[in-house]
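Scroll down for the structure; my scribbles are underneath it.
Heavy-atom basis, side chains included; hydrogens, waters and symmetry copies ignored. In each ligand, atom 1 is the first atom listed, and ligand 1 is the first ligand listed.
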Amino acid sequence: MKLLEGKVAIITGASRGIGKGIAELFIAQGATVAFSYVSSDDKARALENELGKDGGVIKGFKSDASDFNQAQELVDAVANEFGRIDILVNNAGITRDNLLMRMTEEAWDEVMHVNLKSCFNLTKAVMRTMLKQRSGSIINMSSVVGVQGNAGQSNYSASKAGILGFTKSVAQELGSRNIRCNAVAPGFIETEMTDALDEQTVQGWRDAIPLKRGGTPEDVAQLTLFLASDMSSYITGQVINVDGGMLM
Ligand code: NAP
């Protein structure tokens with residue numbers, strides 16, 4: 001029996017990286033997957049073809065998660081096409097790193113909108129459907145940087161810490177309707193987001209991790225699968241690190 005058989009999932013930002021890893025695992029576990037992206041049309045079509053070829057049901061939507069109206073339109077389109085929404089993974093995220101001294105207002109606002117406001121936008125949009133169904137699992141992608149901060153990432157860290165407060169509040173508001181909300185806090189996961197760092201910095205991160213390696217999108221996807229599935233039916237309001245032991 002597949003863990004997500006019969007469930008419909010929305011994953012924001014799944015054209016590449018962690019979101020793509022989650023889409024792959026969700027399809028393998030029987031879910032119907034709707035995912036969003038903003039610019040990678042070719043990668044989105046390639047993912048649809050790759051995961052759809054063995055009968056998987058997957059559809060990509062070009063939709064900016066930071067835009068309130070686009071989020072609602074995305075959710076309406078998914079509900080119309082697939083009839084229900086069981087899982088929302090708020091994964092879309094960006095970095096605009098700089099020391100606070102040099103950080104522009106634009107860099108602050110953009111990161112807060114894409115990383116934090118997107119969670120509000122999508123969660124608001126799926127709420128009605130999940131309330132009607134009296135079930136749902138919402139998973140927000142935070143970061144260890146949201147838990148402990150990081151020099152040069154005050155905007156990113158604030159957005160990821162904001163996600164933790166949002167997650168716990170949503171868990172309290174919607175728990176009585178059997179809607180769960182949890183946060184995943186990945187450590188150093190090797191994706192295009194971390195490709196921007198120089199090799200020396202990357203090696204330094206790897207050396208400092210107890211498991212002595214960077215994480216993979218699959219590492220994060222396994223935890224996300226657990227939180228999306230009924231295996232975690234009594235777990236809500238939690239922040240779970242997937243970081244090779246980086247934070248203890
Ligand atoms: P990534 O490789 O840069 O991929 C980001 C994804 O988000 C892409 O699919 C991108 O679409 C999409 N996206 C960006 N802005 C969007 C928007 N406004 N609306 C919809 N989709 C948008 O990033 P990643 O490393 O996989 O990270 C995924 C999540 O994990 C992020 O929230 C990140 O903060 C978090 N995280 C990552 C790490 C890490 O070490 N990598 C650690 C902790 C937390 P396009 O391809 O169209 O641009």
Practice prompt. Quick one: pull up CG in L4 and NZ in K7 and give me the separation to the nearest 0.5 Å.
Written response: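 Separation between the atoms: 7.0 Å.
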Worksheet item: If you measure from CG on L122 to CZ on F68, what distance do you get to the nearest 0.5 Å?
Response: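 Answer rounded to 0.5 Å: 10.5 Å.
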[X]-ligand 1 polar pair, N/O distance under 3.5 Å:
X	answer
N91	yes
K160	yes
I94	no
T194	no
V38	yes

Discussion item. Assess the residue pair N140 and T167 against the criterion (side-chain hydrogen bond (donor to acceptor under 3.5 Å, both in side chains)); give the C-alpha distance rounded to whole Å, side-chain angles, the decisive distance to 0.1 Å, and a yes or no.
Written reply: CA-CA 7 Å; N140 297 322; T167 299; 3.0 Å; yes
Fill in: For A65, atoms of ligand 1 separated by under 4.0 Å from a heavy atom
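Here the atoms of ligand 1 in question are 17 (C), 18 (N), 19 (N), 20 (C).
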Item to complete: Number the atoms of ligand 1 from 1 as they appear, then name those within less than 4.0 Å of a heavy atom of A14, with their elements.
Response: 9 (O)
Item to complete: Determine whether the side chain, the backbone, both or neither of D64 has a heavy atom under 4.0 Å from any heavy atom of ligand 1.
Response: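 Looking at D64 and ligand 1, atoms from backbone and side chain both fall under 4.0 Å.
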Worksheet entry | Donor on one side chain, acceptor on other, D97 and Q153, under 3.5 Å | yes
Fill in: Pairing of R213 and E190 as salt bridge, 4.0 angstrom limit
no
Response to the item:
Of I189, V145, V242, the one whose closest heavy atom lies nearest atom 40 (O) of ligand 1 is I189
Discussion item. Whether the side chain of D230 engages the backbone of S233 through a donor-acceptor N/O pair (distance < 3.5 Å, no angle test) should be reported.
Written reply: no
Worksheet item: S63 near ligand 1, heavy-atom distance under 4.0 Å?
Response: yes
